[in-house]
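Keep in mind it's a predicted model, so treat the numbers as computed, not measured. First listed ligand is number 1; within each ligand, the first listed atom is number 1.
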Amino acid sequence: MPTAASDDLKNVPRHIAIIMDGNGRWAKERGLPRTEGHRAGADTVRRVTEGCGKFGVEYLTLYAFSSENWKRPKREVDALMKLLEQFLRVKTPEMQEQNIRLQAIGRLNDLPKSCQEQLHRSIETTSQNTGLTLILALSYGGREEIIDGVKSLIDSVERGHLDKGMIDGEVFSKHLYTRYYPDPDLLIRTSGELRLSNFLLWQLSYTEFYITERLWPDFNEDDLRDAIRAYGKRQRRFGTV
Ligand code: FPP
């Protein structure tokens with residue numbers, strides 16, 4: 001439920017998706033290794049998750065690791081996987097206290113075994129929570145998701161569970177990783193880049209975009225509030241007049 005602190009926020013988006021960008025630049029500005037930027041970025045994840053819970057957002061999807069991120073230097077990939085596992089281990093009790101339900105989307109089988117195990121433990125532990133749903137996109141790519149969705153559709157047709165003529169947008173949505181969640185209302189991208197980077201290509205069709213120059217490790221609750229305020233002023237028409 002929204003608290004007194006969020007009273008000035010009208011029309012809070014039900015689902016926020018975030019492209020968390022700028023960790024590397026944040027570290028470079030300070031003469032630090034890129035991995036320190038990711039570490040600081042993980043602290044922002046905690047802050048933003050708490051902020052979303054406080055403002056009454058129901059779903060928060062974070063682009064934590066893309067299909068393309070596997071092409072980064074092995075040292076950086078290993079550090080990100082370790083950071084993710086550690087984050088999950090340390091934050092799961094906090095998610096329990098804050099009534100947060102953890103979910104994940106992407107080709108999760110690509111993740112290192114220990115990371116997968118911790119992820120499934122955290123998802124299981126928090127599965128009965130009824131507050132904010134935090135969805136981590138891991139080894140996620142929008143095109144890959146669509147391809148997996150098409151394969152799943154073909155499978156359903158071949159097994160005789162689905163008639164080809166019945167396939168429409170709604171049916172297709174049920175074959176995507178995101179089938180349990182509503183489409184995002186607001187997409188936030190930090191660090192000023194103007195691209196989608198293969199994130200939620202299907203689901204963002206009618207989503208409002210908010211781009212900020214702020215680098216992800218510097219993004220704070222006030223920035224989140226600004227984004228939600230800007231969203232509140234938008235007129236969503238979904239293609240109508
Ligand atoms: C983009 O910054 C960020 C990522 C590729 C990874 C996001 C990861 C985190 C925020 C930390 C770990 C996440 C969790 C959930 C614990 P970049 O490296 O592309 O930055 P740059 O564009 O400035 O180089």
**Student:** May I have the step-by-step check of side-chain contact (heavy atoms from CB on, under 4.5 Å) for N129 and Q96, ending in yes or no?
**Tutor:** CA-CA 7 Å; N129 292 341; Q96 281 299 82; 2.7 Å; yes
**Student:** Quick check: does R72 get an N/O under 3.5 Å from an N/O on ligand 1?
**Tutor:** yes
**Student:** At less than 4.0 angstrom from any non-hydrogen atom of W216, what atoms of ligand 1 do you find?
**Tutor:** 10 (C)
**Student:** I need the nearest protein heavy-atom contact for atom 12 (C) of ligand 1: residue, atom name and distance, please.
**Tutor:**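 That would be L83 CD2, 4.0 Å.
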**Student:** Which residue and non-hydrogen atom of the protein lie closest to atom 9 (C) of ligand 1, and at what distance in Å?
**Tutor:** N23 ND2, 3.6 Å
**Student:** So, R107 versus S139: side-chain donor-acceptor pair below 3.5 Å or not?
**Tutor:**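 Checked: R107/S139 side chains show no N/O donor-acceptor pair below 3.5 Å.
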**Student:** Does Y206 sit in a hydrophobic cluster with other residues, and if so which ones, taking ILVMFWY side chains as linked at heavy-atom separations under 4.5 Å, directly or through other members?
**Tutor:**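 When side chains under 4.5 Å apart are linked, the cluster holding Y206 also contains F238.
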**Student:** Considering only heavy atoms of H38, which atoms of ligand 1 have at least one such atom less than 4.0 Å away?
**Tutor:**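 In order of number, 11 (C), 18 (O).
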**Student:** Do you see a donor-acceptor pair shorter than 3.5 Å between the side chains of S191 and R25?
**Tutor:** yes
**Student:** Using the side chain to side chain contact (heavy atoms under 4.5 Å, CB included) rule, pick out the option among D43, T92, V45 that qualifies with F87.
**Tutor:**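 When D43, T92, V45 are each tested with F87, the side chain to side chain contact (heavy atoms under 4.5 Å, CB included) holds only for V45.
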**Student:** Please indicate whether any nitrogen or oxygen in Y63 is less than 3.5 Å from any nitrogen or oxygen in ligand 1.
**Tutor:** no
**Student:** Only heavy atoms count here, so choose which of M20, R34, K28, R25 is nearest to atom 18 (O) of ligand 1.
**Tutor:**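 When every heavy atom of M20, R34, K28, R25 is considered, R34 comes closest to atom 18 (O) of ligand 1.
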**Student:** Can you tell me the protein heavy atom closest to atom 6 (C) of ligand 1 and the distance?
**Tutor:** A64 O, 3.4 Å
**Student:** For N69, counting its heavy atoms only, list the atoms of ligand 1 lying under 4.0 Å from any of them.
**Tutor:** 5 (C)
**Student:** Determine whether T49 and L60 make a side-chain contact, defined as any pair of heavy atoms from C-beta on separated by less than 4.5 Å.
**Tutor:**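 Yes, close enough: below the 4.5 Å cut-off.
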**Student:** Report, in ascending order of atom number, the atoms of ligand 1 lying under 4.0 Å from any heavy atom of F87.
**Tutor:** 16 (C)
**Student:** Does R72 count as lying over the ring of W70, i.e. NZ or CZ under 6.0 Å from the six-ring centre, within 45 degrees of the axis?
**Tutor:**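 The answer is no, since R72 fails at least one limit relative to W70.
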**Student:** Which atoms of ligand 1 are found less than 4.0 Å from any heavy atom of G24?
**Tutor:**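 Near G24, meaning under 4.0 Å from one of its heavy atoms, ligand 1 has 17 (P), 18 (O), 20 (O), 21 (P), 23 (O), 24 (O).
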**Student:** Would you say R101's side chain and I135's backbone share a donor-acceptor pair under 3.5 angstrom?
**Tutor:** no
**Student:** Report the nearest protein non-hydrogen atom to atom 14 (C) of ligand 1: residue, atom name, distance rounded to 0.1 Å.
**Tutor:**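 In this structure, atom 14 (C) of ligand 1 has V45 CG2, 4.2 Å as its nearest protein heavy atom.
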